[in-house]
Amino acid sequence: MITFDPRLPDGRPSLIFRVTIRGTRLRVDLEYIRITFTVEDGGSAAVVVRGQDVLVDESGPVTVALVGQGPAADRCTAAPD
């Protein structure tokens with residue numbers, strides 16, 4: 001399961017990236033106050049956003065509010081394996 005707990009660095013209001021999860025390509029639109037997932041190719045994908053299970057499918061974008069994200073990140077880091 002892919003887990004998101006994002007924090008944007010100061011001065012960066014948004015970030016768009018793509019990730020493929022088990023054959024489903026998602027577009028991820030990240031802003032300070034929300035993260036939105038959209039299926040670009042494939043069926044559906046399950047992700048977790050700050051402990052909340054989220055199912056994204058081809059029926060349309062799914063937006064999750066990001067309340068109380070804490071301090072902004074000063075760099076990007078990957079979670080250890």
Side-chain angles (χ1 to χ4, degrees):
M1 180 84 54
I2 302 292
T3 300
F4 293 88
D5 188 7
R7 290 172 181 57
L8 288 168
D10 285 332
R12 178 125 196 187
S14 64
L15 176 67
I16 297 171
F17 61 95
R18 287 161 179 81
V19 61
T20 300
I21 303 170
R22 298 181 189 230
T24 297
R25 187 176 67 231
L26 298 179
R27 175 185 161 128
V28 182
D29 293 85
L30 175 61
E31 300 172 71
Y32 285 115
I33 60 171
R34 73 182 134 255
I35 187 168
T36 301
F37 301 94
T38 306
V39 172
E40 290 190 328
D41 188 42
S44 63
V47 298
V48 176
V49 178
R50 296 196 177 155
Q52 176 183 344
D53 293 335
V54 177
L55 179 63
V56 186
D57 62 28
E58 51 283 309
S59 65
V62 175
T63 299
V64 178
L66 298 175
V67 178
Q69 73 175 0
D74 60 357
R75 64 183 183 161
C76 294
T77 59
D81 290 331

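- Grouped by direct or indirect side-chain proximity (heavy atoms under 4.5 Å, Ile/Leu/Val/Met/Phe/Trp/Tyr only), M1 sits with V48.
- One hydrophobic cluster, built from ILVMFWY side chains closer than 4.5 Å, holds both F17 and I21.
- Between V49 and L66, the closest side-chain pair of non-hydrogen atoms falls below 4.5 Å.
- A distance of 12.5 Å separates OG1 of T3 from CD of Q52, quoted to the nearest 0.5 Å.
- Judged by distance alone, with hydrogens and angles left aside, the side-chain atoms of R27 form no donor-acceptor pair with the main-chain N or O of T36 at under 3.5 Å.
- At least one donor-acceptor pair under 3.5 Å links the side chain of T24 to the backbone N or O of S44.
- The minimum heavy-atom distance between V67 and R50, with the atom names listed, is O-NH1, 3.4 Å.
- Cluster annotation: V28 is not connected to L55 through the hydrophobic network of ILVMFWY side chains, with a link wherever side-chain heavy atoms come within less than 4.5 Å.
- Within the model, atoms CD of E58 and OG1 of T38 stand 12.0 Å from one another, a figure rounded to the nearest 0.5 Å.
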TODO: Under the side-chain contact (heavy atoms from CB on, under 4.5 Å) rule, what do V47 and V19 come out as? Steps first, then yes or no, please.
DONE: CA-CA 11 Å; V47 298; V19 61; over 6 Å; no
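- L26 and I2 fall within the same hydrophobic cluster, where Ile, Leu, Val, Met, Phe, Trp and Tyr residues are linked whenever their side-chain heavy atoms come under 4.5 Å apart, directly or through other members.
- Judged as a side-chain hydrogen bond (donor to acceptor under 3.5 Å, both in side chains), the pairs with a partner in residues 11-21 (not counting sequence neighbours) are, in order, R18-E40.
- Contact detail for F37 and V56: the closest heavy-atom pair is CB-CG2, 3.6 Å.
- Residues L30 and L8 come closest through the heavy atom pair CD2-CD2, 3.7 Å.
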